[in-house]
Amino acid sequence: MQFVDNLAEADLSEVRKGIRSKTFLRATSAGIKPNLVFRWLGVVMALASAAAISLVAVISIGCYGAVKLLGKVRPLRDGFQFLSWSYDRFIERLGEKVLRDPRDTPALRLMVSLSLSAVPIFLVQLVLGKPRLLLVIGFYLALYGLKFERFVRMFSAKHLEAHRKQGYFSDKYDKVFGRYVEFFIGYLYGNVPELDRTAHVRLHHRKNGGIDDTASTSGYDRTSRLDFLWYLADNIWTVLGLAPYAYFKAEGDEENQRRMLWGMARYYVYFAAVFIYDWRIGIAFVLVPLLCMNAITAIAAWVQHAFYNPERPDDYFANTVTLFDELNFMNEGYHLCHHHRAGLHWTEMPAHLERIRGKMRESGSLVFRDMDFLALFVELTVLRRMDVLAEKLVPWEPLNHEQRLALLAKRTKPAKGVRPWQEPTHQAIYDAS
C-alpha cells in the first residue's frame, strides 16, 4: 500500500477518425455486414445471462447472510476457524510437494476445494438422474461461494494459470493435472478450453483492451446500462469461443485458429452430452453456469479497461485500471502491472507497481482504493454513482470533487469514430454465419 499512500499524500493536502485494424479493412472490403439474427440472438442470451446471474446471486448472497448470523455463535465460529487453519496447514504442506512454485498455494487450495465439493455434487447428480434442488443449490454455492468470492478466486487462478507455460504443477504431476483449472474445473463453470491460454494470452494481451480487441469497451458508454446490455450480447460470442476463432481466422493465424477450434469442440461435446443424458441437468448444471460465465466475464472486461483516454488512444497504461480492495485474490487488482509484465509472478506485482508509477502518472492511469471489480461495475454502470467513484479515486495530483467528476466523465464516454457493432471480429462472425 506504499504506492497508494504516496498518492494519497499528494491528493489529501477523440479516437483518430478512420482508425481500423487490418482485419476490419479486409472484412469490409469483402462486403461483410452485421447479421441481425446473430445480434438479436445475442440479446436473448444477454437477458438469459442476467436472469441466471440474478438467480445465483440470490443463493450466494442469501447464504452469506445466513453464515454471518451463524458466525455470531461462538462455538460454531471457533470450530470453523480451527478447521480452516488445519486445512490451510495441510494445503501448505501439499503445495510444497506438488506445485512448481509454492507461492501458488492459494490456487491449490481453490483447486482442492472445488474438487472436493463441486465435482462430487455434479457426479452424484448424474447418478441420481432427476435434478435435486438441494444438489443444485449446493453446486452453485460450491462454484460461486458466498458473495461470489469463490468465483473471484477461480477467475484469478485460471487467469494466472493461462500465463504459465506449464501450469501450476511440477513436472512429476503436470502430466496428470496439467492446466487443471482451465481444462478440467473450467467445464463446470462454462469456461471453453483455450479461452484463457490462447484467446486471452494471444489476443487480449496483444491488443491490451484497444479498439481491435474482441473484448474492447471503447465504443460503449461505460456508464450506460443499455450499452452494457449490448456489450453482454456481444460477449456471448467470445464466451462460446466464436469471436476469438473468427479473429484468428481473419488474421490468417492457423495455429491459434486450430487451438480455439479444438477447445470449442471439446466443450460443445460436453455440453451436448449432458443435455442428451438429461436436459434438466443440462439446464441447471451446464447452461446456467455458461450464462453466468458470460455475465461475470463481461463485467470484468467492461471495467478492467473502462477508462479510455481519447488523448492517448493506443496507450494501454491509460485505459487499464488498478484497484486495491480487501480480497484482491492473487493480486488481481494489479491489472495494469499484469498487462505490463504478464509473466511476472503475482506476489511481485506490488513492488513492480512502484517501479512503473512514473509511467502511470504520465499516462493518467486511474487507481481506486477500497473497491473490487464488481463494486466498480455496480457504482459505474448499475447505480451510476460517480460521486462514490470520485471519492474512491486516487489521483496523481490534487483534484477537487468537481475535477474528479469531470475526469471520470471524460474517460467513460464512447470513443469517437468507433461503434461497438463495427468491431472486426464481430463482422467476421456475422460473415461466417
Side-chain angles (χ1 to χ4, degrees), residues 14-28 32-36 38-43 45-46 49 199-200 203-239 242-244 246-247 250-251 294-295 297-321 335 339 363-364 366 373 376-377 380-382 384 386 407-431:
E14 205 161 268
V15 177
R16 300 186 304 275
K17 289 187 176 180
I19 189 168
R20 289 291 186 271
S21 70
K22 294 180 180 179
T23 308
F24 178 82
L25 294 176
R26 288 198 296 271
T28 50
I32 296 174
K33 295 182 179 181
N35 186 311
L36 291 179
F38 258 61
R39 171 151 292 277
W40 287 106
L41 180 59
V43 171
M45 296 296 287
S49 298
H200 176 78
L203 197 168
H204 177 63
H205 271 265
R206 288 178 181 175
K207 301 301 180 181
N208 288 308
I211 63 171
D212 294 336
D213 195 332
T214 60
S216 175
T217 61
S218 59
Y220 300 85
D221 177 359
R222 275 82 73 197
T223 66
S224 167
R225 292 185 288 267
L226 181 59
D227 272 30
F228 178 72
L229 176 64
W230 284 114
Y231 183 76
L232 185 59
D234 281 340
N235 191 66
I236 189 62
W237 310 121
T238 294
V239 169
L242 295 172
Y247 181 89
E251 287 288 310
N294 183 39
T297 56
I299 290 171
W302 182 257
V303 297
Q304 285 177 337
H305 301 276
F307 300 96
Y308 178 84
N309 189 347
E311 296 174 1
R312 306 175 74 98
D314 300 321
D315 187 356
Y316 70 90
F317 264 71
N319 72 32
T320 306
V321 71
H335 199 61
H339 269 268
S363 299
L366 296 194
F373 288 116
L376 177 58
F377 171 75
L380 176 66
T381 307
V382 179
R384 292 185 285 191
M386 305 305 284
L407 174 63
L408 294 173
K410 174 184 176 182
R411 300 285 290 273
T412 53
K413 290 180 180 179
K416 294 181 180 180
V418 179
R419 300 300 299 166
W421 52 85
Q422 290 178 338
E423 293 182 6
T425 51
H426 293 150
Q427 294 281 356
I429 294 172
Y430 298 139
D431 182 53

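What you see below is based on every heavy atom in this structure, not just the backbone, and it leaves out hydrogens, waters and symmetry mates. None of these values were measured; they are calculated from a predicted model.
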Go through it in stages, so that I can follow the logic: the residues are L380 and L408, the test is side chain to side chain contact (heavy atoms under 4.5 Å, CB included), and I'd like the CA-CA distance, side-chain angles, deciding distance and then a yes or no. CA-CA 10 Å; L380 176 66; L408 294 173; over 6 Å; no
Closest heavy-atom contact between [X] and [Y]?
X    : Y    : value
H335 : T320 : CD2-CG2, 3.5 Å
D212 : Y247 : O-CE1, 3.8 Å
S218 : Y308 : CB-CD1, 3.9 Å
L232 : S49  : CD2-CB, 4.3 Å

When you compare the side chain of [Y] with that of [X], does any pair of heavy atoms fall below 4.5 Å?
X    : Y    : value
N309 : D315 : no
N319 : N208 : no
P244 : H204 : no

Can a donor-acceptor pair be found, under 3.5 Å and without considering hydrogens, that links the side chain of [X] to the backbone of [Y]?
X    : Y    : value
R222 : H305 : no
D227 : D221 : yes
S216 : G210 : yes

Rounded to the nearest 0.5 Å, what's the gap from [atom1] on [X] to [atom2] on [Y]? Could you check?
X    : Y    : atom1 : atom2 : answer
F307 : T412 : CZ    : OG1   : 7.0 Å
L229 : D234 : CG    : CG    : 10.0 Å
T238 : D213 : OG1   : CG    : 8.5 Å
K207 : D314 : NZ    : CG    : 10.5 Å
L376 : I299 : CG    : CD1   : 11.0 Å

Working note: N235 + T297, criterion side chain to side chain donor-acceptor pair (under 3.5 Å); need CA distance, chi angles, decisive distance, verdict. CA-CA 8 Å; N235 191 66; T297 56; 3.2 Å; yes
Between Y316 and H339, how do the two ring planes meet: parallel, tilted or perpendicular, split at 30° and 60°?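 Because their plane-to-plane angle lies in the 30° to 60° range, the rings of Y316 and H339 count as tilted.
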Which residues pass the ring pair (Phe, Tyr, Trp, His ring centres under 6.0 Å) test with F317, sequence neighbours left out?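 Residues passing ring pair (Phe, Tyr, Trp, His ring centres under 6.0 Å) with F317: H340.
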Tell me, please, which residues at least two apart from F228 pass ring pair (Phe, Tyr, Trp, His ring centres under 6.0 Å).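 Once residues adjacent in sequence are excluded, the partners of F228 under the ring pair (Phe, Tyr, Trp, His ring centres under 6.0 Å) criterion are W302, F377.
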Can you name the residues that form a side chain to side chain contact (heavy atoms under 4.5 Å, CB included) with M45, not counting sequence neighbours?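 Per chain and number, M45 pairs via side chain to side chain contact (heavy atoms under 4.5 Å, CB included) with I236, L291.
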